[in-house]
Amino acid sequence: MTDERNDLPLLWDTTDAASAFDPADWFDYCEEINGRPRPTLPKLAIQSVISAHMDLVVARYGATVDDFTLADHPFAIFEHEGLAMAIGRSAKGSYAAGGLDEMIALGARHIIFLGGSGTISASVEVDDLFVPTKALRDEGVSCHYIPASRYAYPSAALTASLLAVCRDARRPVKSGPMWTITAHFRQSLPRIRAFRAEGCLVVNNEAAPAFAVGQARGAD
């Protein structure tokens, strides 16, 4: 007798169910290993998958890198124009969602994510800055944070603020939908054509999970 479920995709929505393991549980272990209480991050924060951003903050502001979470998600606290801020670094792809979840659990509430994208539209050129308005959820992390939908959305207020600031940028700034997929080498041609026709301008690995984590955890 065969199990018919073996032929079905996994579409089980458990986003309203409790997790067996939350950041707070991990921090209990980190406190024991580190011998100190968990730190509190400022509400304003940056998360980046580009290590040079952390290096720049350390060099410019004299910030100290803290690896309290023991998961290669280090962060540093600094002050910019009188405002306390944090920057966290994570590896690319789905791993970044865990780092973001940790930052939120430590106190971050308004987070700008910095990463890279690949253009799939002639309207976005190499070296353009890009602010996404929504992210097509062609990955597996976001479905564990928010119920199924075609797109995940960033904070409308924070996105509007970013676009307002970008009006004075010295480089071209584009905005619009993006496609998120974590399979680097399986961005198939039929998908590129279909999602480009749907309006997606760039492709990246982290946006949809980041928006979903923020929504689920009540952060921008």
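Any value given below was found using the heavy atoms of this structure, including those in side chains, with hydrogens, waters and symmetry copies removed.
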Determine, step by step, whether Arg137 and Cys143 satisfy the side chain to side chain contact (heavy atoms under 4.5 Å, CB included) criterion, reporting the C-alpha distance in whole Å, the side-chain angles of both residues, the deciding distance to 0.1 Å, and the verdict. CA-CA 8 Å; Arg137 300 170 62 184; Cys143 65; 4.1 Å; yes
Surrounding CZ of Arg171 (heavy atoms of other residues, nucleotides or ligands, distance under 6.0 Å), is the total greater than 12? yes
Relative to the ring of His80, is the ring of Tyr61 parallel (under 30°), tilted (30 to 60°) or perpendicular (over 60°)? perpendicular
Closest non-hydrogen atom pair, Ala219 against Ala108: CB-O, 4.4 Å
Does some side-chain heavy atom of His53 sit less than 4.5 Å from a side-chain heavy atom of Val57? no
Should the ring pair Phe195 and Trp179 be called parallel, tilted or perpendicular, given that the plane angle runs from 0 to 90° and is split at 30 and 60? perpendicular
With Ser175, the side-chain contact (heavy atoms from CB on, under 4.5 Å) member among Val124, Thr159, Leu163, Leu129: Leu163
Straight-line distance of Gln187 CD to Ile192 CD1, nearest 0.5 Å: 6.0 Å
Testing the basics here: between Ile46 and Met103, what is the closest heavy-atom pair and its distance to 0.1 Å? O-CE, 3.5 Å
Taking Ile120's backbone N and O only, do any of them form a donor-acceptor pair with Arg196's side chain (distance below 3.5 Å, no angle check)? yes
Side-chain (Glu206) to main-chain (Gly93) donor-acceptor, under 3.5 angstrom: yes
Tell me whether Gln47 contacts the main-chain N or O of Gly88 through its side chain, where contact means a donor paired with an acceptor under 3.5 Å. no
Looking at CG of Asp72 and CZ of Arg89, how far apart are the two atoms once the value is rounded to the nearest 0.5 Å? 5.0 Å
Lys134 side chain reached by Phe211 side chain, heavy atoms, under 4.5 Å: no
To the closest 0.5 Å, what do you measure between CG (Asp138) and CZ (Arg191)? 4.0 Å
If you round to the nearest 0.5 Å, how far is CZ of Phe78 from CG of Leu83? 10.0 Å
Flag the pair Ile50 / Leu114 as yes when at least one side-chain heavy-atom distance between them is below 4.5 Å, and no otherwise. no
Using side chain to side chain contact (heavy atoms under 4.5 Å, CB included), reason through Ser123 and Leu201 one step at a time and then give a plain yes or no. CA-CA 8 Å; Ser123 65; Leu201 302 176; 3.8 Å; yes
Taking all non-hydrogen atoms of both residues, which atom of His184 and which atom of Asn205 are closest, and how far apart? CE1-OD1, 3.0 Å
Do Ile181 and Met178 share a hydrophobic cluster (ILVMFWY, side-chain heavy atoms under 4.5 Å, transitive)? no
Distance-only, no hydrogens or angles: does the Asp13 side chain make a donor-acceptor pair with backbone N or O of Thr15 under 3.5 Å? yes
Would a hydrophobic clustering, with Ile, Leu, Val, Met, Phe, Trp and Tyr connected at side-chain separations under 4.5 Å, put Val131 with Val203? no
Can you tell me if NZ on Lys43 sees more than 12 non-hydrogen neighbours from other groups inside 6.0 Å? no
Taking all non-hydrogen atoms of both residues, which atom of Pro132 and which atom of Pro154 are closest, and how far apart? O-CG, 3.7 Å
Hey, what do you get for CD1 (Ile112) to CG (Leu162), rounding to the nearest 0.5 Å? 4.5 Å
So how far is it from Tyr145 OH to Gln215 CD, rounded to the nearest 0.5 Å? 13.0 Å
Does the Asn34 side chain pair with the main chain of Arg36, one donor and one acceptor, at a distance under 3.5 Å? no
Checking the side chain of Ser155 only, and the main-chain atoms of Leu158 only, is there a donor and an acceptor separated by less than 3.5 Å? yes
ILVMFWY cluster, Leu56 and Phe113 together (side-chain gap under 4.5 Å): no
Is the closest side-chain heavy-atom distance between Trp26 and Leu70 below 4.5 Å? yes
Under a 4.5 Å side-chain heavy-atom rule over Ile, Leu, Val, Met, Phe, Trp and Tyr, are Ile111 and Val165 clustered together? no
Donor-acceptor pair, side chain of Arg38 and main chain of Leu106, under 3.5 angstrom: no
Given Ile104 and Arg109, is the side chain to side chain contact (heavy atoms under 4.5 Å, CB included) satisfied, shown in steps? CA-CA 6 Å; Ile104 294 171; Arg109 289 295 176 271; 3.6 Å; yes
Tell me if a side-chain donor or acceptor on Thr180 pairs with a main-chain N or O of Ala208 at a distance below 3.5 Å. yes
With side chain to side chain contact (heavy atoms under 4.5 Å, CB included) as the test, would you mind laying out the steps for Glu125 and Thr119 before giving the verdict? CA-CA 7 Å; Glu125 299 182 5; Thr119 178; over 6 Å; no
Can you give me the closest heavy-atom contact between Val49 and Ala91, atom names plus distance? CG1-O, 3.5 Å
Closest approach of Phe75 to Pro39 (non-hydrogen atoms, all atoms of both residues): CZ-CG, 3.5 Å
ILVMFWY network linking Ile87 to Val65, side-chain heavy atoms under 4.5 angstrom: yes
